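Scroll down for the structure; my scribbles are underneath it.
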Amino acid sequence: MTDPVDSTYSLSSTLGQTAAKQFESTGYIVKAGFQYIYSTIPFTFSVSNIRADLGTLMPSTPATSTINLTVSFGGAGQYIVTAAETAPLTNFTDQYIENTACDGGVNTCTATLAKTWTSVSAYGFGYNMQGEDIPADFIDPTYYRPFADLTVPENPAPVMQSVNVTQNLTPTPNPSLTPAPALTGVPRDITHTSTMTFKANISPLQSAGSYTTVIHFVATPSF
Amino acid sequence: MKKIIILLSSAIIVLLFYLQLTTNDIYAQQVTLSISPPIVETLIKPGKSILIGYTIQNLGDPTPIRIQVRPFTPQGEFGEMTIESEQTSPVNFSLDNTDMEFEKPFLMRQKDIRQALLRIRVPDTIPQGDYYFIVLATTDPLSQTAGGTSSFAKATIGSTLLMTVSQSGFVEMKGRIALFDFIPSFTIQLFGKRYRIVESGSDIPVRLVIQNQGKNLIKPHGEIVLRGGLGSKSAYTLLPQNVLADSQRLIHTDQKKNTSTLYTHVITGYHLGTYSLTTNVNFGENSPQLFSSTEFIAIPIRFTVLLSAVILISILIVVLMKKRKAD
């Protein structure tokens with residue numbers, strides 16, 4: 001790669017004439033929506049079930065439960081969905097189930113790196129992601145991560161992310177008044193879905209009780 | 001007969017009552033929230049006030065919603081952000097709605113559409129520069145009293161608000177190309193010169209990172225151009241994505257099939273020979289062009305290796321046959 005030529009400069013730029021007049025008269029200019037894509041479809045985020053029921057946990061018997069996350073974005077904008085737990089799975093006596101470290105050793109997972117979790121003697125609570133726009137480290141359904149713990153505090157970890165929800169930015173077929181086009185195109189893909197699998201596995205020493213936590217999903221269009 | 005009917009009715013009522021007591025609640029509550037507009041950019045003078053309407057729609061089950069505004073800072077180069085836990089900015093926010101307050105939950109029924117009227121007041125004394133916020137709509141989690149072990153979900157949807165405060169309307173555009181490069185198949189060093197080789201038929205991921213060294217956000221405009229030795233030329237238009245103050249960002253082209261956050265553009269097709277890859281970037285009207293370039297040689301490596309192996313094996317067979325004949 002050659003060095004960039006004239007790669008740094010400073011410039012004071014004025015607005016376009018119309019915008020400048022508006023700024024002078026009103027004192028502000030407001031632009032809504034992404035300037036490089038026209039869309040009337042709002043940014044939408046969906047969680048298929050707000051309760052992932054892991055049932056009654058049995059020692060060394062992993063329990064799983066799944067929910068679907070769906071993002072719809074008519075614009076070409078980038079979006080990110082992050083997830084974090086408000087606390088580890090905790091019961092009424094403040095006993096808690098540790099977050100998983102997966103199988104341990106070379107397969108020790110973190111809040112931002114998934115590793116295999118197949119051993120029934122590896123205890124904890126974590127999640128796997130499958131589907132669209134998921135992090136690349138979820139290689140297959142045996143790969144898990146612990147949730148970022150907001151009590152530590154840890155930064156929420158991205159679980160879905162894409163630069164472009166709409167695969168086909170051009171409506172298919174393109175809108176046209178006359179003549180009406182034949183509807184032969186592929187419908188626009190404006191939703192992306194992933195599946196989050198929660199998994200808990202407890203040791204025989206784990207205190208009995210109902211353990212709960214809250215997973216906070218934050219879906220934001222990028223800037 | 002009457003007694004039997006009364007007995008049967010009583011038994012059914014008792015059974016139903018028993019079932020009601022012993023059956024666990026089944027939760028299948030779905031959360032689906034939408035917000036519009038997804039992004040608002042504003043250039044505003046100190047001392048001014050504006051009103052922005054955010055449309056929030058509940059397409060899922062009825063749920064309490066809280067509205068919040070939080071500052072954020074850009075993180076990394078992929079458009080990620082860190083949202084602050086408190087509103088610490090000098091910019092003042094309030095809701096003009098009579099039935100809606102910040103941080104206080106209000107019920108949204110299924111298919112409810114509400115407009116949050118966000119009043120933004122910029123103090124006279126605020127330092128000029130950029131201020132970045134996110135307007136959040138958050139569900140309240142379900143009561144955590146279910147039996148068994150459960151994970152409950154709380155969902156937040158956000159809309160970014162990028163605010164440039166300027167008295168005169170002048171904004172600082174100070175940017176540079178922090179990285180323009182591609183991923184070669186391999187690199188060789190010959191006679192003191194480095195050659196970057198790519199497999200002819202393989203995809204070539206390109207990365208362009210723009211660094212904003214100024215106090216106001218910038219939008220890169222321009223293109224990436226691929227020129228081949230035989231005069232072939234392909235141009236890919238850059239998307240004018242916001243690069244926020246004191247941050248850098250990987251910029252994408254308008255390539256529809258590239259959904260990777262990691263690459264600006266992925267060059268596809270069959271390439272043979274020497275190619276130059278250049279980029280021209282500016283940040284708006286009358287701004288100078290930034291320029292960067294790189295080169296690569298495309299060779300059908302796999303085909304060449306296969307052909308060499310076939311030739312070598314053929315020669316070996318011929319030599320062995322000649323040797324056997326001579327013996």
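Below, chain A is the first sequence line, B the second, and so on; all start at residue 1. Quantities reported herein were computed from a predicted structural model and do not represent experimental measurements.
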Separation between OG of B:S159 and CZ of A:F43, rounded to the nearest 0.5 Å: 9.5 Å

With a 4.5 angstrom heavy-atom cut-off, is it the side chain or the backbone of [X] that approaches chain A, or both, or neither?
{"X": "B:I134", "value": "side chain"}
{"X": "B:F78", "value": "both"}
{"X": "B:Q57", "value": "neither"}
{"X": "B:L161", "value": "neither"}
{"X": "B:I83", "value": "side chain"}

Flag if over 12 foreign heavy atoms under 6.0 Å of NZ, B:K45: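 Enclosed.
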
Residues, nucleotides or ligands: over 12 heavy atoms within 6.0 Å of A:Y96 OH: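 No.
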
Distance-minimising heavy-atom pair for [X] and [Y]:
{"X": "A:P42", "Y": "B:S34", "result": "CG-OG, 4.0 Å"}
{"X": "B:K154", "Y": "A:V214", "result": "CB-CG1, 3.8 Å"}
{"X": "B:I39", "Y": "A:S222", "result": "CD1-O, 4.2 Å"}
{"X": "A:Y28", "Y": "B:S49", "result": "CE2-O, 4.3 Å"}
{"X": "A:P221", "Y": "B:P38", "result": "CG-O, 3.3 Å"}
{"X": "A:D53", "Y": "B:S150", "result": "OD1-OG, 3.8 Å"}

Check against side-chain contact (heavy atoms from CB on, under 4.5 Å), B:T32 and A:T44: CA-CA 7 Å; B:T32 303; A:T44 306; 3.7 Å; yes

Name the member of [options] that forms the most heavy-atom pairs with chain A at distances under 4.5 Å.
{"options": "B:L244, B:L162, B:T138, B:I52", "result": "B:L244"}
{"options": "B:L262, B:V122, B:I157", "result": "B:I157"}
{"options": "B:L136, B:T279, B:T42", "result": "B:T42"}

Close side-chain approach of B:Q29 and A:S48, heavy atoms under 4.5 Å: no

Between [options], who has the most heavy-atom pairs with chain B when the cutoff is under 4.5 Å?
{"options": "A:I80, A:I67, A:T70, A:T56", "answer": "A:I80"}
{"options": "A:V81, A:T220, A:L69", "answer": "A:T220"}
{"options": "A:I97, A:N91, A:L54", "answer": "A:L54"}

Worked verdict on A:F147 versus B:S151 for side-chain contact (heavy atoms from CB on, under 4.5 Å): CA-CA 11 Å; A:F147 283 101; B:S151 169; 5.6 Å; no

Below 4.5 Å from any heavy atom of chain B, which atoms of [X] appear? Answer side chain, backbone, both or neither.
{"X": "A:T86", "value": "neither"}
{"X": "A:P158", "value": "side chain"}
{"X": "A:F45", "value": "both"}

Positive for side-chain contact (heavy atoms from CB on, under 4.5 Å) with B:F152, one of A:I50, A:T212, A:I215: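 Of the listed options, the one satisfying the test is A:T212.
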
Side-chain donor/acceptor of B:T149 to backbone N/O of A:L57, under 3.5 Å: no

Exam field: side chain A:N49 to backbone B:Q30, donor-acceptor pair closer than 3.5 Å: no

side-chain contact (heavy atoms from CB on, under 4.5 Å) assessment of A:F223 paired with B:M81: CA-CA 9 Å; A:F223 40 84; B:M81 59 176 80; 4.0 Å; yes

Stepwise side-chain contact (heavy atoms from CB on, under 4.5 Å) check, B:E41 with A:V30: CA-CA 6 Å; B:E41 294 172 37; A:V30 177; over 6 Å; no

